[in-house]
Each structure stands twice: as structure tokens, then as C-alpha cells.
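Scope of the values below: all heavy atoms of this structure, side chains included, with no hydrogens, waters or symmetry mates.
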Amino acid sequence: MARTVSNPTPDLSLQFLWQRLPALVLISVCLFLCLVGLLMLYSIGHAHSGIGPGIFYKQVIWAGFALFAFGVAATVDLEWLRRWSVPLALIGLVLLLLVLVPAIGLKVNGARRWIPLGPMNMQVSDIVKVSYLLVMAHYLADYRRIRDRFWQGYALPIFLVGVPFVLIMAQPDFGTAFLFALVGGTLLFLAGLRLTYLIPSAIAGLVGFGLMVLYDPIRWQRILSFLYAEENRSEGAYQLWQGMLGFGAGGVAGVGLGNGRQQIAFLPEAHTDFIFPIIGEELGFVMTALVLLAFALLFVFGWRQLDKAPNLYQYLLCGGALLFVSYQALINMGVATGVLPTKGMSLPLISYGGSNLVATALLLGLVVNGCFHWTGTKSIRAREVKG
Amino acid sequence: MSKAYIATWRSRLFMAVMVAAFAVVFVRLYDLHVLRGDELALEAQNNRRSVIPLEGRRGNIVDREGNLLAGVRSLVQVGVDPYLFTAAHREKLPELAQILGLPLAEIEAVVDRRFRQGSDGQPGRAIRWAPLAVVNDEVYDQVRALGMRPVYGNRRYERFYPGGSLAAHLVGYVNREETAVMGVERALDFYLKGEQGWREAELDGRRREVVAFRAREVLPRDGYHVELTIDQNVQSIVEQALSRLAETYDPAGATIIVSDPRTGDILALGNYPSFDPNHFNRFPIENQRNRAVTDVYEPGSTFKIVPVAAGLEERLVRPDTMIDCETEVVRYRGRNIRLPSDTSRLGTIPLTRVVSRSSNRGSAQIGMMLGEQRLYDYAHAFGFGQPSGWLLGGEVRGTLHPVRNWDGLMISRIPAGYAVSATPLQVHQSMAAIANEGVLMAPRIASRILDADGQTVLDFPSAERGQVVSAITAERVAEMLRGVIGPDGTARRAEIEGYQVAGKTGTSRKIINGQYSNRHHVASFSGFFPASNPRVVITVMVDEPRLPGTGYGGLVAAPVFKEVGEQLIHHLGIQKPEPTEPLFVAR
């Protein structure tokens with residue numbers, strides 16, 4: 001049978017599906033995590049004395065927005081998007097500055113992180129993630145040519161990472177700023193930042209971080225209470241300790257959905273940063289392990305697909321998007337299990353919070369976009385670089 | 001597939017770190033869920049499970065007429081949550097200060113202190129409730145009317161004593177830890193306190209009960225009420241008399257006991273100094289002592305009823321037996337014994353006058369007629385040297401040495417009330433035995449235990465301790481004791497117009513630094529009336545009255561007897577005896 005070169009009908013052959021299988025797997029994993037999240041929010045909303053069932057319905061509405069964002073990000077032409085990287089970065093910069101203006105930024109619990117948009121609030125740092133990745137990927141795509149130059153190869157990339165870091169710190173949102181720096185740093189490392197630059201920078205960063213913690217009593221207290229969680233169970237490490245008890249109470253199989261008792265006012269942030277222990281208590285080791293494996297699968301599977309990327313720009317854009325989600329998930333789960341010091345960070349796709357859900361959907365949309373369209377053929381430009 | 005864009009080592013290192021991170025979290029999950037699961041689950045459960053005690057309401061203490069002596073009232077502990085405090089609330093602070101009756105600065109200090117002191121000097125956990133004042137319901141309603149959300153109260157129940165210091169030594173009190181410390185409160189705590197109930201429940205993070213998980217509940221049972229033999233009005237008369245006594249003589253202590261001789265019912269018992277059980281901590285601890293049972297004195301002449309009654313009962317003397325009160329030395333069992341002195345020369349007088357003039361020498365000779373053993377036996381039978389059966393505890397026995405321990409002089413000293421010691425209650429009860437046809441009664445302070453509906457649960461019956469002397473002897477002693485109040489007696493000031501009063505004065509010197517002092521006395525008077533049909537026995541004992549000269553019982557204590565007795569006539573409706581009725585048959 002002869003194959004015509006131009007076949008107008010959609011190709012639904014097995015080969016086509018095989019090629020798209022990674023994207024389908026990624027989508028399935030995301031849907032699974034979303035469903036777990038909604039299930040838990042339903043349970044918490046109906047059991048928690050201080051939260052209320054409204055969170056479930058709000059999150060369902062947000063999930064609709066997130067689906068739309070996912071669709072857009074998954075279908076947009078990534079090369080077309082690259083042209084908009086610099087203007088989008090500038091818009092992001094403006095947003096980060098605007099949110100600091102008292103008349104515009106909404107202050108909640110002493111931090112200006114939100115810009116009110118009619119009935120809902122937008123967390124600026126969530127939206128800025130995409131433009132941050134775009135400009136980083138755009139700049140680092142040609143990195144190998146300039147990596148030996150100090151200004152272009154070191155100072156400017158550090159500047160690109162430093163600007164959002166400083167602006168988000170100013171909100172202040174230590175956790176998100178740290179996440180931005182971590183993602184940016186990883187991208188720089190992977191793109192090939194020279195070790196002669198990298199190692200001194202890393203040391204300087206660690207020292208600066210250490211000093212900042214030491215001179216901030218609240219943060220120092222958090223570190224201490226993390227290190228001595230059991231001793232501080234009634235004071236600083238209260239929520240952390242209650243969360244750890246939740247895992248134990250759940251055991252292997254969990255106490256059953258809606259039967260968790262730790263969430264009833266023992267964990268004030270049961271629906272956001274400390275949702276993972278509630279999963280542990282109600283659905284047990286079975287579900288927490290599944291959630292952890294889902295995130296691991298998302299990362300490993302997604303990362304393997306990057307090798308098919310046609311150029312370094314797309315590689316870094318999709319890789320960075322995956323990093324944002326994976327790092328956030330790892331930090332959240334690490335904090336909840338007491339492996340990392342307490343840091344306010346929600347669990348992607350599961351925690352309550354619309355703006356983060358939409359941002360996560362955008363990022364994962366980019367990853368799926370890549371997986372869906374890449375066929376493994378390198379563009380000529382990429383080969384040029386390699387040579 | 002080749003890694004086209006990324007150096008292989010960088011890609012591998014990165015992947016290794018990420019896989020390790022996921023692995024660490026996985027291992028940690030396994031640790032928490034499975035390895036330490038049971039231990040953590042137990043702690044989580046202990047955090048939540050709690051047995052909440054449910055307090056039964058403490059029973060009331062009432063007098064014989066049902067008047068409340070000790071009850072329970074509800075109070076509100078008002079406090080403030082500094083965390084919720086705003087500028088708008090601050091504007092209302094002066095009003096709040098006025099309602100609570102606290103200085104404004106004090107409330108501001110509480111409101112401004114928002115954090116507990118941390119262990120290392122850093123601010124600790126936020127203060128979410130700090131107490132301001134304890135108020136009653138009325139004041140709390142005013143506080144609520146201010147509409148300050150951070151200011152609210154917790155209800156609690158508190159013991160209170162509406163009469164203040166009234167009968168404080170009898171009623172006793174319950175301290176701030178709800179422990180019954182003394183008096184009826186402690187002695188009958190078993191009946192008063194009720195039974196604690198409990199409820200097994202789960203608590204949330206703020207230690208509040210989660211009603212949905214209430215497991216088991218056992219309701220508390222309220223305490224029983226206790227009815228005392230005390231008459232609130234008599235008690236009040238006694239305490240007024242005590243405070244006048246204290247004003248006049250500034251004594252070290254004083255006790256007045258009023259009882260019904262037939263039943264042994266204590267109608268009133270008061271001590272000076274006293275205290276207010278509502279504010280027990282504002283008084284010196286020694287004010288809480290019920291001197292009527294805890295303090296012993298040498299009774300002095302009030303004790304003379306013992307040898308006189310014994311002599312009559314043993315037919316050694318008769319009221320008209322003549323006794324030589326001039327003799328200074330008597331030969332007794334082969335030894336010369338020097339008799340104690342009298343205050344005035346009395347000559348040879350009949351027994352009746354020995355009693356009315358309170359002759360030490362006369363009673364010493366009666367004692368010698370009796371001999372050591374019989375004197376001891378009668379004193380013992382009258383209740384000296386023994387517990388009287390005081391229900392409320394804290395009682396001392398006093399001292400009545402057994403005969404084998406007596407020295408040679410004691411046969412002449414004990415009949416005059418020296419070399420023995422007794423509590424005011426013991427003196428009182430011995431006098432009451434004379435008033436009660438020679439039958440010694442146990443003092444009765446609690447009459448009944450009542451349940452919430454007023455039904456009697458338990459009776460405390462009157463208890464006889466024994467027939468000490470025959471009714472006829474008791475009558476004769478009473479007749480002689482009337483002479484004490486007569487124109488020739490030591491206690492003319494105890495006379496109550498229209499009534500025949502019988503009684504005996506006592507004036508004993510106190511031992512100060514091992515010697516009998518000429519300036520420190522215990523003045524007492526114990527008596528009853530009407531003599532033919534006694535309704536009340538009243539004992540007044542004043543420790544160290546301060547006055548120029550000797551604090552004689554007839555001078556200091558007898559007028560108090562009269563003062564109390566006259567008021568009792570109206571209150572208890574004591575009838576005058578028929579004038580035609582022959583009081584005593586002459587024999």
C-alpha cells in the first residue's frame with residue numbers, strides 16, 4: 001500500500017499514539033493528583049471546624065480555569081512564544097514591582113503577594129514563573145558561545161536570577177524567592193555555567209543565606225524548631241509535630257476518608273501547606289506513597305522526554321517548568337515529613353489555592369506541549385551549536 | 001539517546017540528586033507511617049482523648065432554722081484576648097476599668113502584653129487569654145453590654161459564706177483548691193462534696209471539647225446539705241457579745257458556748273479572735289483556731305462543781321455541812337498538807353456558802369474527804385481529761401493525771417481547779433451535766449444530712465455519755481449554784497431579772513514562765529437558767545482580760561453571761577417559772 005505524502009485525515013495509527021504516549025501518561029498523572037487533591041479538600045472542608053466546605057467548590061471552579069490554562073499552554077507554538085519572551089519578562093517585572101506598591105498589592109499576614117482582580121486575587125509570583133522561564137531559556141539557548149565571558153556568561157545570568165529573587169524577597173515571600181533561585185540556579189548549572197563561577201557563587205549564596213537566617217529571629221526559630229521538633233512540639237514546631245503525628249495515626253491503610261482527626265483544628269493549614277499529613281492520616285502510607293511516586297514519575301518521565309527537544313531553548317523552558325513543579329512538591333513533602341525546615345509552600349495540584357493551581361497548570365501545559373510535539377529530530381540550529 | 005544539549009556529568013549528577021531526594025522522602029514516609037506508626041498514633045490519640053471531670057455542686061450548710069451558712073454561687077472570671085484587641089476596643093477601656101473597679105493602667109498592662117516570655121528571652125507564644133477580674137453575673141452583664149469581643153469570661157462556681165465570720169470556726173471553709181480545710185466543711189466533706197462525674201471526650205487543638213466525639217458520660221451527683229444545731233440568731237448574739245468583750249478587755253482570746261442541756265445541741269459557739277471564711281487568707285492563721293476545743297486552761301473554781309457534786313453523791317457532805325475555811329494546814333494520810341488560800345477570811349461556813357463564796361480551802365477539804373481515787377473517778381466521769389465527742393475534730397483532751405502520778409499537794413489543788421487542764425467545751429459540758437439531771441451529754445453540732453429535696457438522709461442523734469451523779473444530787477448542786485448569783489455570791493453580775501440563774505465563776509492564774517502569774521488570768525463563768533428547768537447552758541471564758549486589778553470571772557465573764565442570757569429569753573421564748581411552784585423540796 002502506497003502512502004501519500006500529504007494525508008489530510010488525522011493520523012490515528014498505533015505509531016502516532018506510541019509517540020504521544022509520554023504526553024498521555026503525564027496528563028494521566030496530573031489528573032490523578034488533581035483528583036486526590038479535590039477528594040482531600042472535600043474531606044477537609046466538611047470536617048475541619050475552621051475551614052468549611054466552601055473550599056471544595058471554589059477549587060472545582062479554579063480547576064476549570066486551570067484546565068483552560070493547561071490547554072492553552074499545551075497547544076501554543078513554543079517557538080512563537082519565544083519571540084514574546086522579552087516583553088513578557090518586562091511585564092513580569094512590572095507586576096513584581098506593582099505588587100509592592102501599597103495601593104495595589106494586597107497585604108495578607110504582613111506580606112504583599114497578591115494583586116486583587118475583581119472577585120479573586122492573583123499571586124504575582126505564580127504568574128511570573130512562566131515569563132521568568134521564558135527569558136531564562138531564551139537567554140541560555142545560545143549559552144555555550146558565551147559561557148567563558150564574565151559579563152555575558154556569568155553576570156547577566158546571575159542578574160536574571162537575582163532580580164525576581166530580590167523582588168519576591170521584598171514582599172516578603174522567602175519560600176517562593178528561594179524556589180525561583182533554585183530553579184534558576186539549576187538551569188544555569190545544566191546550561192553549563194563554569195565551575196569557576198559556580199562554586200564561589202554557591203558558597204557565597206550559602207553564606208548569605210546562613211547570615212540572613214541567623215539575623216532573623218523568626219527564621220532562626222524555625223530552623224531550631226525543625227531540628228528539635230519533638231522538644232518544641234507545643235511551641236514553634238507545633239504544626240510540624242501535629243503533622244508527623246498525622247502520618248503515624250494513618251498507618252499503612254489510613255483511618256478512612258473524612259475520619260481524620262488531626263485536621264480538626266490541630267492543623268490550621270490542613271488545606272494548604274499541611275495537606276500531605278491529612279492524606280497520610282486518612283488514606284495512609286498507600287496514598288502518600290502513591291502521591292510521592294506520582295510526582296517522581298512526573299519528573300523522571302517528563303525529564304526523559306527533554307532529550308527529544310529540538311533545541312536548548314525548548315529544553316530549558318520545559319525542563320524549568322518541570323523543575324518548578326517538582327521542587328515545590330519535594331519541598332512541601334519534605335517539610336511535612338520533617339525532612340526540611342518549615343517553609344510555607346503548597347503541594348502542587350493538591351493544595352487549596354487557585355492562583356497556584358492555574359500557574360501549575362500553565363507550567364505542566366508547557367511540559368506536555370513539548371512531549372506532544374517533539375519527535376526526536378534536532379533542529380539544524382542545535383547541531384550548529386554542538387559543533 | 002545522546003544528551004544533546006547538556007554535558008553528561010551535569011545531567012547525571014542532577015538526576016542522581018533528584019532521585020535521592022524523592023527516595024529520602026519515601027524512606028521518611030515509611031518511617032513515620034509504618035515503623036513509628038503505633039507510637040505516633042498513640043500520642044495523637046492521647047493529645048485528643050481526655051476525661052473531663054464534671055463537678056457535683058457542693059451541698060449547703062444551714063442552721064437549725066434552715067438559714068444558709070455556706071452555699072455556692074456562680075462567678076465569672078473575666079479575661080481579655082490581647083491578640084484580638086484593636087484601637088476601637090482601647091477606647092472603651094476606661095469604661096471597662098470602671099465596671100471592673102480596676103485601675104486603668106493595670107488593664108492596659110494586661111492588654112499590651114501580647115506574648116509569653118520565651119525560654120531564651122525571645123517572645124514566646126501569643127497570649128490568647130489573660131485574666132482580669134472575678135465578677136458576679138450582674139457585673140458580667142455590664143461588661144458584655146460594652147460589646148468588646150476580646151473581653152469575655154469563663155463561668156465557675158465558688159463556695160461562699162453569706163454570714164461572713166458568723167460561726168466561722170464551726171462552718172470552716174473550703175480553700176481555693178476546693179479542699180475542705182476545717183470545721184463542718186472538712187468533717188462532713190464526705191456528705192457535702194458530692195460525687196464527681198466524668199465525661200470521656202476528644203479535644204481539638206485549642207483544648208475544647210469536640211462534641212461529635214463525646215464517648216461516655218457519667219453525671220455528677222450533687223452533695224448533700226448539712227443541717228447544724230446552731231441557731232443563726234443565737235450565734236449572732238454570741239458574736240456581738242464577743243466583740244464587745246474584745247473591745248472592753250482586749251483579751252488574748254475568748255470563747256462563748258451556748259447549748260441546750262437536754263439534748264447537748266450546741267446553739268452557738270463563738271471564739272475571739274475570728275476570721276471571715278470568704279477571705280480566710282487575710283487573717284492570721286491562729287484566728288482559725290477553735291479555742292473552745294483546741295485550747296486548755298486550768299479551769300479554776302468552775303471545777304468545784306466536781307468535788308461538791310461528788311461529796312453530795314457519796315453522802316460525805318450535805319448542803320448544810322459546816323466546813324472550817326480558816327484552817328491552813330490539814331493532816332491527810334499521815335502528812336501535813338497546806339491548803340490553798342482564799343481571797344478573804346470566811347470562817348466556818350456551810351457547804352452552800354463554800355460554793356457561793358468559792359472557797360478554795362473548803363473544796364480542798366471536800367476533796368480530801370473523797371480521797372484521790374474517788375475525786376479522779378468523778379472528774380473523769382464529768383468528762384475531764386477525755387475527748388468530749390466533738391464531731392468537727394481538732395479537739396484536745398486536756399490533762400487529768402491518773403492517781404499514781406499525783407504528788408502530795410494535788411489532792412488539795414485539784415478540787416479548786418488547779419493541776420488539771422480542760423478546754424472551755426469540757427467545762428461547759430460538765431456544767432451542762434448538772435443542768436441535765438446529772439447526765440453528761442456529747443456535744444451535738446450537726447443534726448441532719450439532707451438531700452437536694454430536703455429529705456433526711458442521715459440523723460445525728462443526741463448521745464448520752466453517762467449518768468455522772470443522780471438527778472437529786474444534780475438538783476442540789478444547782479440549788480447551791482443559785483447562791484453564786486445571789487447577794488452573797490461571786491457572780492452577782494450574772495443575775496437575770498425574773499429568772500433563777502445557777503452558775504459558777506472561775507478565776508485561774510496562768511502559768512507564765514513556770515510560775516503562777518498575778519497579772520495573767522483566765523476569767524470564766526459557766527451557768528444555766530432557769531435553774532429549775534434549764535433551757536440553756538452558757539459558758540464564757542476570757543483569756544487574759546486586760547484591766548486594772550484581777551480579772552475575776554465574776555467581774556469579766558458573768559456580765560457577758562447576763563448579756564447573752566437576757567437576749568436569749570426573747571429569742572428562745574424562755575418562760576419564767578410559775579411563782580407558786582415550789583422549786584426545791586427542803587430536805
Side-chain angles (χ1 to χ4, degrees), chain A residues 49 144 186 189-192 217 220-221 234-236 238 241-242 244-252 261-262 264-268 277 280-281 284-286 288-289 292-293 295-296 299-300 303-304 306-309 311-312 315-316 319 326 330 333-334 337-339 376 378 382-383 385-386, chain B residues 1-15 17-49 115-116 118-126 202-208 210-213:
Chain A
S49 51
R144 293 214 178 166
T186 309
F189 170 75
L190 292 173
W220 181 236
Q221 206 62 45
S234 64
E235 295 284 335
Y238 171 77
W241 182 248
Q242 291 300 338
M244 282 162 70
L245 292 182
F247 290 112
V252 175
R261 301 283 175 80
Q262 286 301 102
I264 303 170
F266 275 101
L267 289 170
E281 188 185 10
F285 180 57
V286 174
T288 49
L292 180 72
L293 285 177
F295 278 112
F299 171 75
V300 174
W303 201 261
R304 289 188 68 85
L306 291 182
D307 287 341
K308 297 183 195 160
N311 54 40
L312 188 56
Y315 183 103
L316 291 176
S326 302
L330 265 176
M333 292 185 291
T337 53
V339 179
K378 308 288 189 285
R383 285 189 189 282
V385 172
K386 208 187 173 200
Chain B
M1 192 170 280
S2 70
K3 295 184 168 52
Y5 315 107
I6 306 296
T8 312
W9 70 269
R10 288 182 192 249
S11 178
R12 281 186 181 163
L13 179 63
F14 170 69
M15 207 30 136
V17 168
M18 287 301 281
V19 169
F22 277 107
V24 163
V25 175
F26 184 86
V27 168
R28 178 66 167 174
L29 276 177
Y30 184 75
D31 174 45
L32 290 175
H33 270 301
V34 182
L35 298 183
R36 295 170 65 195
D38 291 343
E39 173 200 334
L40 294 175
L42 188 68
E43 176 163 348
Q45 188 179 349
N46 289 342
N47 272 355
R48 300 192 304 254
R49 285 248 157 209
F115 293 96
R116 259 174 259 277
S119 50
D120 48 358
Q122 300 287 345
R125 206 148 43 118
E202 290 206 1
L203 303 180
D204 69 10
R206 294 177 196 152
R207 308 305 295 169
R208 286 180 311 207
V210 183
V211 179
F213 300 120

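Under the 4.5 Å side-chain criterion, counting only non-hydrogen atoms from C-beta, A:W241 is in contact with B:L40. The side-chain heavy atoms of A:L306 and A:L316, taken from C-beta on, include no pair separated by under 4.5 Å.
With sequence neighbours excluded, the residues satisfying ring-ring contact (aromatic ring centres under 6.0 Å, His included) with B:F14 are A:F299, A:W303. Residues meeting the salt bridge (charged side-chain N to carboxylate O under 4.0 Å, His left out) test with B:R28, sequence neighbours left out: B:D31.
Among B:L42, B:L32, B:V34, the residue making the largest number of heavy-atom pairs under 4.5 Å with chain A is B:L32. Contact tally against chain B (heavy-atom pairs below 4.5 Å) for A:G248, A:G334, A:G250: the top residue is A:G248. The choice from B:V24, B:L29, B:L13, B:V25 that makes the most heavy-atom pairs within less than 4.5 Å of chain A is B:L29. Note on A:A289, A:A191, A:G280, A:S326: by heavy-atom pairs under 4.5 Å with chain B, the leading option is A:G280.
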